[in-house]
Amino acid sequence: MAEITLKGVTKRYADGTVAVRGFTLDIADGEFMIFVGPSGCGKSTALRMIAGLEDISEGELRIGGEVVNDKPPRERDIAMVFQNYALYPHMTVRENMAFPLRLAKLDRAEIDRRVMEAAKILDLTEHLDRKPANLSGGQRQRVAMGRAIVRQPKAFLMDEPLSNLDAQLRIAMRTEVSRLQRGLQTTMVYVTHDQVEAMTLGDRVTVMRKGLIQQVDTPANLYARPVNLFVAGFIGSPAMNFSPVDWDGGRLHTVFGDIDPPPSLAERLKGAAPKLITGIRPEHFEEAELLEDTAGGVTFKANVDLVESLGSEVYVYFTVGASEKAAELDEVADRTGLDELPHAATEQMVARLNPDTKARRGEVLSLWFDPARMHLFDAETGRSLTS
Amino acid sequence: MSASGQKRALWGLADIVVIALALVPVLWIVSLSLKTPATLTDGAFFPNHPSFSNYRGIFHTTLFTRSFLNSIGIAVITTVVAVILAAMAAYAVARLDFRGKRLLVGASLVVAIFPLISLVSPIFKLWLKLHLYDTWPGLILPYLTFSLPLAIYTLSAFFREIPWELEQAAQIDGATPFQAFVRVIAPLAAPGVFTTAILVFIFAWNEFLFAISLTSTDAARTVPAALAFFTGSSQFEQPTGSIAAAAVVVTIPIVLLVLAFQRRIVAGLTAGAVKG
């Protein structure tokens with residue numbers, strides 16, 4: 001058990017490319033920390049530097065208070081689960097799990113005891129004498145976990161451990177991982193590209209983009225108060241709806257019409273740039289006809305493109321207003337990294353409505369939202385004005 | 001006859017032709033080795049009065065027994081040294097990105113395609129000077145030179161097949177790089193190691209050009225070279241029967257070796273290491 005502290009950790013390759021830049025983060029003892037971001041954002045590299053599989057070019061890494069920059073992986077007392085499991089194919093499940101213990105020269109009885117215990121937790125007892133080749137994907141995954149937990153290491157590092165499983169198994173294993181971590185109370189760093197995994201598993205989540213940390217926060221805060229366009233677009237499914245806004249110092253000119261800034265925003269809008277981006281979560285749109293009172297909100301006409309019913313809720317895809325705004329949004333997306341999130345940087349918007357909605361494909365629907373729920377971002381820097 | 005039956009018959013026929021082409025000369029040698037000098041030229045495929053006198057004969061001559069020992073010693077030492085060196089070199093080629101890697105691989109390939117005959121006389125002169133002529137090291141050294149390129153090439157192909165992660169997993173599990181190699185990588189590369197060992201052994205065992213050029217006595221003469229020095233029991237008698245018997249005997253170790261390691265050569269040992 002130990003805390004992990006990274007201070008200005010940077011990974012620069014020989015050819016000059018920088019995979020991780022100035023990574024500074026405190027991971028508390030027993031914390032479940034998630035690194036999330038699109039592919040190529042440096043999350044795996046950051047994890048591999050903690051593991052000792054990649055050299056640290058600059059900065060300082062401490063595990064349990066001790067600087068471990070120059071220590072080989074075996075002296076860091078950490079366990080890692082790889083994306084493709086990396087089980088030893090010539091060893092049985094039992095031998096696979098016992099391998100780290102035998103290297104640590106524990107006595108036979110203790111090894112047996114720990115392996116049996118881990119096998120019981122992971123429901124592998126009856127498979128102990130099988131080879132990895134004869135196991136299903138989910139079982140291999142559990143063996144990889146078993147090999148990590150028998151060690152009772154200072155920390156677990158997980159590199160997209162569930163991404164090779166099919167959807168159903170992934171959800172089942174997700175709860176398993178969560179249960180395991182709570183049971184063991186060991187620090188865990190978990191890398192994923194799946195924001196749903198990040199939101200459901202982590203105590204805290206680190207969102208990364210292009211080697212830089214964007215935001216570190218609890219899942220709830222990331223969702224409610226994203227610090228920039230990238231985080232806002234990355235967290236949440238379906239993604240937040242973005243559209244350009246002109247700010248003249250008095251009113252906000254949005255695609256939904258001109259809006260008086262709500263009092264909660266007025267203070268922050270002082271001195272804001274004239275070009276802004278609004279972000280509205282799909283669940284913050286309401287169907288105007290079904291509301292008793294639309295006062296204090298903005299009502300607008302939406303051209304419905306598509307209606308997707310999931311039973312408990314309905315996703316209504318729609319477009320609003322002029323298309324010259326689309327080009328403007330594209331430009332912003334380019335600059336702020338939204339373009340790395342293909343589902344977020346579109347002019348098409350989506351509303352999450354109740355199943356009793358009257359929305360029909362091809363028709364016009366009146367939608368309503370509360371401007372106080374609106375996120376506003378600087379179109380130049382992508383920084384949020386509202387959180 | 002159905003189309004697939006016809007196809008199968010054709011394949012069967014092709015198989016028989018191939019097997020006949022490969023085995024008839026061998027069987028002919030076996031047949032010759034069992035004939036007595038009197039019936040040697042009777043042309044019968046099955047000897048009329050099979051006799052083991054040729055075999056008894058060759059094991060009574062020091063020419064054969066001594067060269068047989070030379071062959072075993074030289075081939076085994078060449079194989080062991082070549083496999084160890086090649087394993088290390090191949091591991092580096094497969095895993096590390098070092099300066100001059102392409103040059104190394106390219107150079108070793110050039111060595112492999114170099115015509116042996118052009119090197120015989122320089123090596124002969126060199127060995128005379130270095131007192132390596134007619135010694136075991138005098139044969140082992142050139143054998144290493146010419147078997148290493150192939151060995152490195154085959155082994156690096158096998159090492160490349162082994163996922164990088166396995167080694168990293170081993171290091172995280174607490175293994176030193178050496179432990180990771182010995183306990184994880186080497187066992188997985190075993191089929192490759194055995195395949196390579198057999199190739200090198202066969203090369204060293206069968207080699208004739210250096211063996212005949214760089215030896216003069218039975219201090220280092222190997223069987224392929226020694227066969228040329230066989231004489232009949234009198235100077236008027238052809239040594240055909242004895243040569244045939246010796247040829248059969250020298251084939252046996254190779255056959256045994258391949259049979260023994262056949263199972264280990266079966267690939268697919270890495271199945272299950274990663275998702276699949």
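Residue numbers begin at 1 in each chain, while the letters A, B, ... track the order of the sequences.
- Side-chain polar atoms of A:Tyr190 and A:Glu197 form a donor-acceptor pair below 3.5 angstrom.
- Here A:Glu3 does not pair with A:Arg62 in a salt bridge; the nearest charged N to carboxylate O distance is not below 4.0 Å.
- Classification of A:Arg151 and A:Asp77 as a salt-bridged pair holds, one side-chain N sitting under 4.0 Å from a carboxylate O.
- Proximity to chain B (any heavy atom under 4.5 Å) is shown, for A:Ala51, by both the backbone and the side chain.
- The residues A:Arg102 and A:Glu95 are annotated as not salt-bridged, no charged nitrogen and carboxylate oxygen being separated by less than 4.0 angstrom.
- Each of A:Lys120, A:Arg113, A:Arg114 was checked for a side chain to side chain donor-acceptor pair (under 3.5 Å) with A:Glu117, and the lone residue meeting it is A:Arg113.
- Counting heavy-atom pairs closer than 4.5 Å to chain B, the top-ranked of the candidates A:Lys131, A:Met80, A:Arg147 is A:Arg147.
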Residues 152-159 of chain B, side-chain donor-acceptor partners within the protein, below 3.5 Å, at least two apart:
| residue | atom | partner | partner atom | Å |
| --- | --- | --- | --- | --- |
| B:Thr154 | OG1 | B:Leu150 | O | 2.4 |
| B:Ser156 | OG | B:Ile152 | O | 3.1 |
| B:Ser156 | OG | B:Tyr153 | O | 3.2 |

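- Side chain of B:Glu207 to main chain of B:Ala211: a donor-acceptor pair is present (N/O by atom type, distance under 3.5 Å, no hydrogens or angles).
- No side-chain donor-acceptor contact under 3.5 Å links A:Thr187 and A:Glu31.
- For chain B, no part of A:Arg76 is nearby; none of its heavy atoms comes within less than 4.5 Å.
- Heavy atoms of A:Ile78 lying under 4.5 Å from chain B belong to its backbone as well as its side chain.
- Using non-hydrogen atoms only and a strict 4.5 Å limit, the part of residues 171-183 of chain B facing chain A consists of B:Gln171, B:Ile172, B:Asp173, B:Gly174, B:Ala175, B:Thr176, B:Pro177, B:Gln179, B:Arg183.
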